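Predicted model only: the values in this text are computed from it and were never measured. FYI, the numbering just counts along the sequence from 1.
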Amino acid sequence: MSVPPTGSPDVVPAHPHVVAAGGVRWRDSLRTRMVLWSSVINAGLLLLTALAFYLGARALIVQNARAEADSLARQTVRSLEATLESVQVSGRTLAASATGVGAQPANLRSLLVASLAGDPDIAGAMIIVEPGLLPGDADGFTWYIRRDGARLVEQSVADLGYDYKVMPWYQRTVSAAGPWWGEPYANAATAGEFFATYNLPLRPPGAASGAPAVGMVSLDVPLERLAALVGGLNGAGLRPMLFSPEGLAVVHPDPEVQMRRSAAELVGQPGGEDLAPLAAAIATRTAASFESRDADGEVLATLVMPVADSGWTFALATSDQHFLHRLDRVALVVALASLVALLVALWLARRYSGAIASPIEQLTDSAHHFSEGDFDYPLPYVERGDEVGVMARAFDAARGSIKEQMHEIGVMAGARQKLESELSIARDIQQSMLPAGRAFDTGHMHVEAHALLEPASEVGGDFYQFSELEPGVLWFAIGDVSDKGIPAALFMARTLTVLEQQARRHGSPEKILAAASVRLAENNETCMFATVLCGRLDVASGRLRLASAGHEPPLLLQADGSAALLAVPAGSPLGFEPSDDFPLYEGTLAAGATLLGYTDGVTEAFDLEHRAYGSERLLRVLRAGDNAEAACQRVLDDVRRHAGQAPQSDDITILAISRRRDD
C-alpha cells in the first residue's frame, strides 16, 4: 500500500455521508456539541440577565406602587381631615353662639341657616335646648334644617315622631365631656340619604366643661361627600376604604360589605384572619400596614391611617398584581422575542459552525478509514497553515509510521512464528532425550523408575536420566541448570551428554561428577552451571550410593510411610571449575521404599501470596505403598494445588525410584 502524496488537494468536497462513514452520530458530532453548548451558554446568560432584570423591575415597581399608595393615602386623609375639621369648627361655632344669643327662636334659627350657608360640607343642622334650663326660657327650642337641593327643609324635632330625650344619641351627647361623631344614619328626616353626624353638648355661657348640658347641637355631613373624597382612588390597583368611628365599612370595594359590615365582622368571616390588623388599628385609633389576600388569592398591601382625632379611619389596599400585570405582559413579549432570537442564533451557529467543524469531520472520516486499515484513503487539508493543517500532517506522518511499523510487525510476527516453531521442535527434541519410565527385575526384586518434567517455558534447563549400564545396576541422575530458555536447554543437553559418557566410564557417582566437572568447566565462557544428584542402585541388594553437586537432598519414603530427607553431602555445582570433592553417600533402598529426587522448582513453587511449597509439605504428601509413578504424580498434583492461579516461575522435575520384592 502507498502513502498519498503531500500535494493532495487542500479541500475535499464534503458528502452527506461523511459523518455516518466516520462512525460519528450527528448528536455526538463536534458541530452539534459546539452549537448545543454555545446555545446553552447564551440561553443561560440571557435567562439570568432577563431574570435579574425582571426581578429588579418587579421589586422597583412594587416599591414605587406602595410608595405612591402611601402618598395617595396621606393626601386622602388630609382631605378627609380638612372636611371633618371644617364641620367640627362650624359645630363649635354654632354651639358657642346658640347659648349666647338667648332663647329667641328666630335668633337660633338664623344660626342654623348661617351654619348651612357658611359650610357647603354641612347638609343639615339641629339645635335642641331643653325647656327651663336657660334663664327666661320656659319653652325650650328644637329645630332641624337640612338642604334639599337649592331649598331648605325645616321642621321641629318634635315633628320627627319621637321623644329626643330618650334617644341614645341625645343621652350620649348631653352626658359627654366633648363632641363626637355618630354612626351613619338615614331616615325620613334625611329623605333616605345617609348622613354622618357631628354632635356637641350645649352648656350655658361660662360653664365648665363638666357642667350639665342644656341641650345639644348636631351637624349632618352627607356620606356622599366623604365617599367622593375617597372614591377618587378607585381603580388602577387601588382599593380605598373608609370606616366609621365604630368600624362600619362606609366605603368599601365590595358592595356586599359597604354599609353592612364592620371591620370586626370581616375578620370573623372565613378567610378574613388576614384583616385582624385592620380591626385592631380601628379599635386603637392607630396607623398600621399589613399584607393580606382577597377571595381570589391576590396579595394586597394595606395602609391604615386614622383621620385625626375624629374616630374615622381610612384604609387603602394596593394590589401588587395589578401593577405587575403589565410587567408580566412585557416580560412575556420579551421572552418570546428572545426565544425567536435564540432560535435564529441557533440556526446561524449551526450554519456557520460548519466552516469550523467540517474539516474536522472530514479528518475524522479519514481517521475512521485508517482505523479499519484503509491507509490509502484520501487525507485532505495537509497544505493548510492552520491547526487543521497541523492535524492533517500529523495524521499523514502517523499513517506512514503505522504502515512501516505494521511491516516491521509482520516481519517480527513471521520471525516469532518461526522461533515458536523452532522452540516447539527443540522442546520435542529435549523431551526425546529424556527416558520414559521403566522397570528393572533382578531375582526376586522389582525396581521402577519414573520421572516428570514440566518446563516453565517452551524449553527448560531441568533434566533427569536413568539407565541400566550393567546388568542389575541402575544408574540415575537429576539436575537443574542455571537460567532458563534456550541457553539453559543447550547447557542441559551438554550436561546430560557428559554425565552419560562419564557414567559409562566410571561406576561410582562421585567419580562421575568429578569427571563431569572437568569437562563442563572447559570453554564455559557463559559461566553457566548445573546442580546434579547422581546415584547408583544395586537392584538385588538395594545398596544405594549417591553424590551431589550442590543439588537438593533427596527424600526417602520407607515402607511404613515415614519420610525423611537424606543428608547427602553436597559438592560444588558443575561448570564453575574442575573439582573432585564430591563426598559419597552410601545407604540401602529397602524393599517397599521409594527414593524421590526433585529440583528446586518443587520446593520453591509459590502461591499468589508468595508462599513457597517447602520441604515440610513435601515430606507430608507421599503415602506408603506409592510406586514411582504414583509418587511423582502425587507430588506434582500437590504442587499445583499449592500454586493455584500463580504463574509457574521455574522448571519442575521429579524423579522417583521404588523397590519392592516380587511375591
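Looking at every heavy atom in both residues, A95 comes nearest to V217 through CA-CG2, 4.0 Å. Heavy atoms only, all atoms of each residue included: R109 and F141 are closest at N-CZ, 4.1 Å. Residue R239 comes nearest to P253 through the heavy atom pair CB-CG, 4.0 Å, listed as atom of the first residue, atom of the second, then distance. Of all heavy-atom pairs spanning P306 and V77, the tightest one is O-CG1, 3.9 Å. Shortest non-hydrogen contact noted between T197 and S218 is CG2-CB, 3.5 Å. Smallest separation of non-hydrogen atoms from P184 and W312: CG-CH2, 4.3 Å.
Atoms CD and CE, from E81 and M305 in turn, are 10.0 Å apart once rounded to the nearest 0.5 Å. With rounding to the nearest 0.5 angstrom, the CG atom of L316 is 11.5 Å from the CD atom of Q75. For the atom pair T93 OG1 and L219 CG, the distance stands at 9.5 Å (nearest 0.5 Å). One distance of note links OG1 of T318 with CG of L238; it measures 5.5 Å at 0.5 Å rounding. Of the inter-residue distances, the one linking R147 atom CZ with L152 atom CG reads 7.0 Å to the nearest 0.5 angstrom. Put simply, CH2 on W143 and CG on L111 are 14.5 Å apart, with the number rounded to the nearest 0.5 Å.
With contacts defined as side-chain heavy-atom distances shorter than 4.5 Å, the pair M216/L200 does not qualify. Annotation: side chain of D220 is in contact with side chain of Y144 (closest heavy-atom distance under 4.5 Å). Side-chain contact check for S289 versus T302: every heavy-atom pair is 4.5 Å or farther apart. Under the 4.5 Å side-chain criterion, counting only non-hydrogen atoms from C-beta, L94 is in contact with I127. Inter-residue side-chain proximity for V307 and S310 is flagged as met; some heavy-atom pair is nearer than 4.5 Å. Side-chain contact between L242 and L223: absent, with no pair of heavy atoms (C-beta onward) separated by less than 4.5 Å. The shortest distance between side-chain heavy atoms of L278 and F243 falls below 4.5 Å. Between V153 and I145 there is no side-chain heavy-atom pair separated by less than 4.5 Å.
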Open item on the list: Under the criterion side-chain contact (heavy atoms from CB on, under 4.5 Å), I'd like the reasoning laid out for D148 against R146: C-alpha separation, chi angles, the key distance, then a yes or no.
Closed with: CA-CA 6 Å; D148 185 9; R146 66 175 177 85; 3.9 Å; yes
Task: Audit row: E193, Y185, side-chain hydrogen bond (donor to acceptor under 3.5 Å, both in side chains) steps and yes/no - done: CA-CA 8 Å; E193 185 179 357; Y185 77 99; over 6 Å; no
Task: Check against salt bridge (Lys or Arg N to Asp or Glu O under 4.0 Å), R78 and E85 - done: CA-CA 10 Å; R78 285 194 294 269; E85 179 62 25; over 6 Å; no
Task: Full working for side-chain contact (heavy atoms from CB on, under 4.5 Å) between T313 and V304 - done: CA-CA 7 Å; T313 302; V304 184; 3.6 Å; yes
- [ ] Tell me, with the steps shown, if I128 and V157 meet side-chain contact (heavy atoms from CB on, under 4.5 Å).
- [x] CA-CA 8 Å; I128 297 177; V157 175; 4.1 Å; yes
- [ ] Evaluate the side-chain contact (heavy atoms from CB on, under 4.5 Å) criterion for residues V129 and L202: first the C-alpha distance (whole Å), next the side-chain angles of each, then the deciding distance (0.1 Å), finally the verdict.
- [x] CA-CA 8 Å; V129 179; L202 279 178; 4.0 Å; yes
Task: Full working for side-chain hydrogen bond (donor to acceptor under 3.5 Å, both in side chains) between D163 and Y170 - done: CA-CA 10 Å; D163 183 4; Y170 181 78; over 6 Å; no
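Ring planes of W181 and Y198: tilted class, angle from 30 to 60°.
Within the 3.5 Å criterion, the main-chain N or O of A249 finds no donor-acceptor partner in the side chain of Q258. With hydrogens and angles disregarded, a donor-acceptor distance shorter than 3.5 Å links the side chain of R285 to the backbone of P245. S86 places no side-chain N or O within 3.5 Å of a backbone atom of A82 that could act as its donor or acceptor partner. Under a 3.5 Å cut-off, the side chain of T76 and the backbone N or O of L72 do form a donor-acceptor pair.
Around the CD atom of E224, the shell of radius 6.0 Å holds no more than 12 heavy atoms that belong to other residues, nucleotides or ligands.
Looking at residues two or more places apart in sequence or on another chain, you find a side chain to side chain donor-acceptor pair (under 3.5 Å) between T142 and S156. Taking the side chain to side chain contact (heavy atoms under 4.5 Å, CB included) definition, one finds that R172 meets it with W180, E246, sequence neighbours left out. With sequence neighbours left out, E265 forms a side chain to side chain contact (heavy atoms under 4.5 Å, CB included) with R261, S262.
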